[in-house]
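Both ligands and their constituent atoms are indexed starting at 1 by order of listing.
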Amino acid sequence: MSETEQKCDVVILGIFVADLAFSARRLPLVGETISGSDFAMGPGGKGANQAVASARGGAKTAFISRLGKDDFGELALATWAREGVVTRVSQSQNDPTGAAFIFVNDQTGDNAIIVVPGAAAKITAQTVEDNTRIIQQAKVFVTQLEQPVEAALRGLQIARASNTITVFNPAPAEDFPDEIYSLCDYITPNETEAAALAGMEVSNIDDARSAGDALLDRGVGTALITLGEAGALFHNRHTSELIPAISVARVIDTTGAGDAFNGNFAAALARGMDATKAVHFANAAAGISVTRSGTAPAMPTLEETRNRLSST
Ligand code: RIB
């Protein structure tokens with residue numbers, strides 16, 4: 001794919017999938033069928049959700065990915081056209097667009113996910129190199145681990161070499177080369193991912209600080225560990241601050257919260273916001289997202305997040 005001239009504040013590498021969300025009281029056991037209370041199909045995939053979050057959060061945002069030429073692929077393109085996301089996306093004739101099975105607990109809003117990346121499983125380091133210029137010109141580059149790790153590594157290398165701020169969301173908790181740590185201005189695991197990376201239990205703020213220290217020792221600039229309703233720990237060699245989550249009357253669906261956080265953190269950094277203030281902003285956006293169903297559709301606008309912040 002040739003690169004046309006277009007400058008974006010935030011560039012995100014990741015996957016799009018169609019989210020097939022089933023709400024029920026509990027997950028069925030193997031061999032069991034249970035009745036659910038709701039079903040929805042909509043746009044998803046961590047990177048794609050983060051791109052929608054960043055665009056709604058006020059940043060001109062580009063998304064690098066790979067789709068199939070099918071109905072789910074059309075859903076992706078229609079979503080990005082509506083949201084104003086600049087697409088750096090190829091479409092395969094042979095591989096299908098991916099999909100995710102999402103179980104949402106209809107009592108608590110908690111979720112469990114199986115994701116199949118489909119065509120995006122063939123994103124390569126070359127795919128990223130084809131988009132070198134837009135990454136170099138961006139203020140912030142974000143990636144995760146749903147597409148092959150070689151692509152994430154290449155994106156982070158290109159961004160670092162051009163002083164583009166790097167945000168690495170190590171989700172899902174897959175193995176990655178140690179080289180990645182020193183390429184991260186910010187690494188943003190949740191508590192489960194932080195525990196897996198650091199090889200220790202993370203069940204309170206002191207544990208999170210210890211896990212953060214382990215990540216700093218491996219070379220990250222700042223460990224930003226999301227801790228659900230406790231907020232997010234911003235932890236580096238100079239500052240270690242627990243930034244509280246905003247309180248929410250009723251949680252409907254937590255599936256897109258991490259993506260709301262990452263996309264809005266990137267958008268706020270790209271606006272030049274101080275990093276800890278950007279975490280407050282991202283927490284507010286994530287707090288709004290959990291009061292709505294779905295992932296990309298649950299992302300708040302810049303105005304909604306600002307209003308929420310000013311009312312706390
Ligand atoms: O982070 C939530 C996302 O993870 C869902 O949209 C699902 O597609 C999975 O990739």
Side-chain angles (χ1 to χ4, degrees), residues 12-23 27 38-57 63-68 70-73 75-76 79-80 83 85 89 96-105 109-121 123 142-149 151-152 167-174 187-194 196 224-228 232 251-266 282 285-300:
I12 299 183
L13 164 70
I15 77 167
F16 170 92
V17 297
D19 279 352
L20 310 176
F22 297 80
S23 301
L27 270 169
D38 202 5
F39 168 77
M41 200 270 280
K46 292 184 195 301
N49 295 338
Q50 291 168 13
V52 170
S54 170
R56 287 194 188 173
F63 188 54
I64 303 171
S65 196
R66 188 168 188 269
L67 299 170
D70 47 26
D71 289 350
F72 289 168
L75 171 66
T79 301
W80 298 327
E83 303 292 342
V85 173
V89 172
T97 305
F101 158 81
I102 302 183
F103 159 73
V104 180
N105 183 310
D110 291 337
N111 64 82
I113 303 176
I114 302 172
V115 60
V116 178
I123 295 174
V142 185
T143 193
Q144 330 69 30
L145 285 174
E146 287 189 318
Q147 80 293 318
V149 67
V167 178
F168 176 50
N169 176 218
E174 302 283 354
I187 191 166
T188 62
N190 64 20
E191 53 205 307
T192 314
E193 292 147 1
L224 185 47
I225 303 177
T226 54
L227 301 165
V251 174
I252 302 288
D253 183 353
T254 59
T255 316
D259 299 331
F261 181 91
N262 279 279
N264 280 280
F265 179 64
I288 296 171
S289 75
V290 302
T291 64
R292 301 169 177 172
S293 292
T295 54
M299 301 305 168

Legend entry - Student check: side-chain heavy atoms of W80 and V89 closer than 4.5 Å: yes
Legend entry - D259 vs Q144 side-chain heavy atoms within contact, under 4.5 Å: no
Legend entry - Side-chain H-bond candidate by donor/acceptor type, N169 with T188, under 3.5 Å: yes
Inset, instruction - Count the heavy atoms belonging to other residues, nucleotides or ligands that lie under 6.0 Å from CG of D71, then report whether that count exceeds 12. - result: no
Inset, instruction - Quick one: closest heavy-atom pair of A53 and A260, and the distance? - result: CB-CA, 4.0 Å
Inset, instruction - Measure the shortest side-chain to side-chain distance between I102 and D253 over non-hydrogen atoms and say whether it is less than 4.5 angstrom. - result: no
What are the distances between nitrogen or oxygen atoms of ligand 1 and protein nitrogen or oxygen atoms, counting only those under 3.5 Å?
unit_1, atom_1, unit_2, atom_2, d
ligand 1, 1 (O), K46, NZ, 3.0
ligand 1, 1 (O), D259, OD2, 2.7
ligand 1, 4 (O), K46, NZ, 3.2
ligand 1, 6 (O), D19, OD1, 3.2
ligand 1, 6 (O), D19, OD2, 2.6
ligand 1, 6 (O), G45, N, 3.2
ligand 1, 6 (O), N49, ND2, 2.9
ligand 1, 8 (O), D19, OD1, 2.6
ligand 1, 8 (O), G45, N, 3.0
ligand 1, 10 (O), E146, OE1, 3.3
ligand 1, 10 (O), E146, OE2, 2.6

